[in-house]
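Residue numbering restarts at 1 for every chain, and letters A, B, ... go by the order of the sequence lines.
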Amino acid sequence: MQLIINGLVIGSIIAITAIGLSMIYKTLNFVNFAHGDFVAFAAYIAFFANTELGVHLAVAFLIAILATILLGVFMEGVVWRPMRRKKASRTALIIISIGFALVLRNTLLFIWGGSTRCYDIPVRRGFDLFGATITHNQVLVIIVAFILMFLLHYLLSRTMIGKAMRALSDNIDLARISGINVNQVILWTWVIGLGLAASGGVLYGLVTAIRPSMGWYLLLPMFAAIILGGIGNPYGTIVGGMVIGLSQELSTAVLPTEYKFAVSFVVMAVVLLIKPEGLFGGAK
Amino acid sequence: MTELLGTILPYITTILLFASIYAVFALGLNLEWGFTGLINFGHVAFFAIGAYTTVLLNISGCPLIISVIAGVALAGFFGFLLGIPTLRLREDYLAIVTIGFSEVLRSILLNEEWLTRGPFGVHGFDRPFHDVIPYQHYNTFLLILFVAILVLVYFALERLIQSPWGRVLKSIREDEAVPSALGKNVFSYKLQSLIIGSAIAGLAGAMLAFYITYINPCTFKPIETFHAWIIVILGGTASNKGTIVGAIILWAFFSGTKFIDRIVPVPFESHQMGAFRMIVVGLLLMLLMMYKPEGIFGTKEELALSD
């Protein structure tokens, strides 16, 4: 039971962070290897605002989201848009993104060092539920994650910009000739994708220690989640994230904890071998 | 003068030893990425497999040369295993799966102490001709041996890529549809390229173990993969000569930053130096891909960079 609760908490974090990865993958047609490091960046910004500036964690949460989005928009302006104009291939974009991942992670390491950090919040005893202990932070993570998923669903299905985003990820050329401002929608994709990633990062910092490599270790589960759920399919990604989170935690019942993320790797390899388009369809 | 030479020479030997190891390591990647267009972000895994297999077999009594061959073969075999689920799909999948594999392998190396001695690492294995070469000349001997291996690998690769087989690889890099329309089994060619590239990385792993005489899981962090990438891209994608020059430049730069604080005061502490080096590697990777993707020795025609 404890493992299931832990799995749901980690699963919802993987789900909301992976949605951004999946959306950008589908819309811009490349894998952003720096996505995990954006997650870590957000956690550090929240940590900085919370401990150094002394603001409440809820405010720090908003500051972190804003800072992450600004960084993403900046990257879109100076790197991704010029590279698209040059008609750079996917492979070039992938290599640039891993270069940026190294820069971002090591900048965090450079400024804050490699030791683990945590927010300045009171530690409260968890409460019992069916023989398992749940902490307040875990409850908070699940509630916020579900609110965000609901907001995303509303955005994608009910608003103009959400529809344009879906159209773009479906077929960028068709979207362009039907009069959609492609660059603007791509910008929105970054804003929403990285906003979700940043929220996931701050939440992740609530249930685990903050360190520069936290995003890196989240990258593999995120990939597993989007491949399982079908790339570009946000609902599939949510299910995939939950499945990966649960299977990682449940694996600790039989395997040493160190092999948690080997589980994502095995799941991913099996899905690629049997049904590479994911359980719920998606990009091939 | 001779005194100055006496202090500088060991540094130069060290740089060249590392450069030759990493040149072999990166030549494997150049075959995969430069000539075939495969994105392998877990190249370090094959480096580690080669090193660990060699030393573990050797300390359990296997002759050195057979241990090395086994290390090379096993690295190639793992290349085969990873290629099967990924090489039929888009190029991103190989990148994702290999990067994952290198992390999983590292946690296996850390945790399966019965096999790998975990974080304590392995030492006390033989080095080639250790009993016949006098100790004070051993590094010089190793350098000659490593350069010989490098030259051998270089010429073997040059022959391979100029053969009809190599031309098929390049055509896959340019446009997969063409060789498959000509009846070539693209998947099989990609798989062969990955196997050979991985086996070469395994050989480099054995070389590294012989030089540093002690290996542990920390020797094989993911960052080593990106050292190979920066070497290939800096030197010039699809240029084996460029890869060798890239390796020398990278190691000269590393040794330079290690000792720079003795010459000019550096405004930050030593543990920040490592992070700083990685920031430089990352930035260099980005800037090269954005502004000079062909590197020093590459040509624009040899780049698979526009769809």
Heavy-atom proximity to chain A below 4.5 Å, by part of [X]:
| X | answer |
| --- | --- |
| B/Leu105 | neither |
| B/Ile96 | both |
| B/Leu110 | neither |
| B/Ile39 | side chain |
| B/Ile233 | side chain |
| B/Ile230 | neither |

Please round to the nearest 0.5 Å and tell me the distance separating atom [atom1] of [X] and atom [atom2] of [Y].
| X | Y | atom1 | atom2 | answer |
| --- | --- | --- | --- | --- |
| B/Met286 | A/Met75 | CE | CE | 4.0 Å |
| B/Met290 | A/Lys86 | CE | NZ | 6.0 Å |
| A/Tyr217 | B/Glu103 | OH | CD | 4.5 Å |

Check: When you look at CZ of B/Phe77, are more than 12 heavy atoms from neighbouring residues, nucleotides or ligands closer to it than 6.0 Å?
Finding: no

Notebook entry, point to check: Take atom CZ in A/Arg84; do more than 12 heavy atoms of anything else shown fall under 6.0 Å from it?
Noted result: yes

For [X], which atoms come within 4.5 Å of any heavy atom of chain B: side chain, backbone, both, or neither?
| X | result |
| --- | --- |
| A/Leu220 | side chain |
| A/Phe265 | side chain |
| A/Val78 | backbone |
| A/Leu108 | neither |
| A/Val266 | neither |

Next item on the list: For each of A/Asn106, A/Val270, A/Ile96, tally heavy-atom pairs with chain B at distances under 4.5 Å, and name the one with the top tally.
Entry: A/Asn106

Margin query: Please rank B/Thr86, B/Ile279, B/Leu287, B/Val104 by heavy-atom pairs under 4.5 Å with chain A and give me the top one.
Written below: B/Ile279

Checklist line | Partner chain A: residue of B/Val280, B/Val97, B/Leu82, B/Ile84 with the largest heavy-atom pair count (under 4.5 Å) | finding: B/Val97

Next item on the list: Determine which pairs satisfy side-chain hydrogen bond (donor to acceptor under 3.5 Å, both in side chains) with at least one residue from residues 218-228 of chain B, sequence neighbours left out, and list them in order.
Entry: B/Tyr22-B/Glu224, B/Asn216-B/Thr219, B/Glu224-B/His227

Next item on the list: Measure up the A/Phe33 and B/Phe41 rings against each other and bin them: parallel (under 30°), tilted (30 to 60°), perpendicular (over 60°).
Entry: perpendicular

Check: Got B/Ile99 and A/Ile98 here, is their nearest side-chain heavy-atom distance under 4.5 Å?
Finding: yes

Item checked: Qualifying residue, where the test is side-chain contact (heavy atoms from CB on, under 4.5 Å) with B/Asp92 and the options are A/Val31, A/Leu93, A/Thr91 -> A/Val31

Check: Closest approach of A/Ala269 and B/Pro85, non-hydrogen atoms and distance?
Finding: O-CB, 4.2 Å

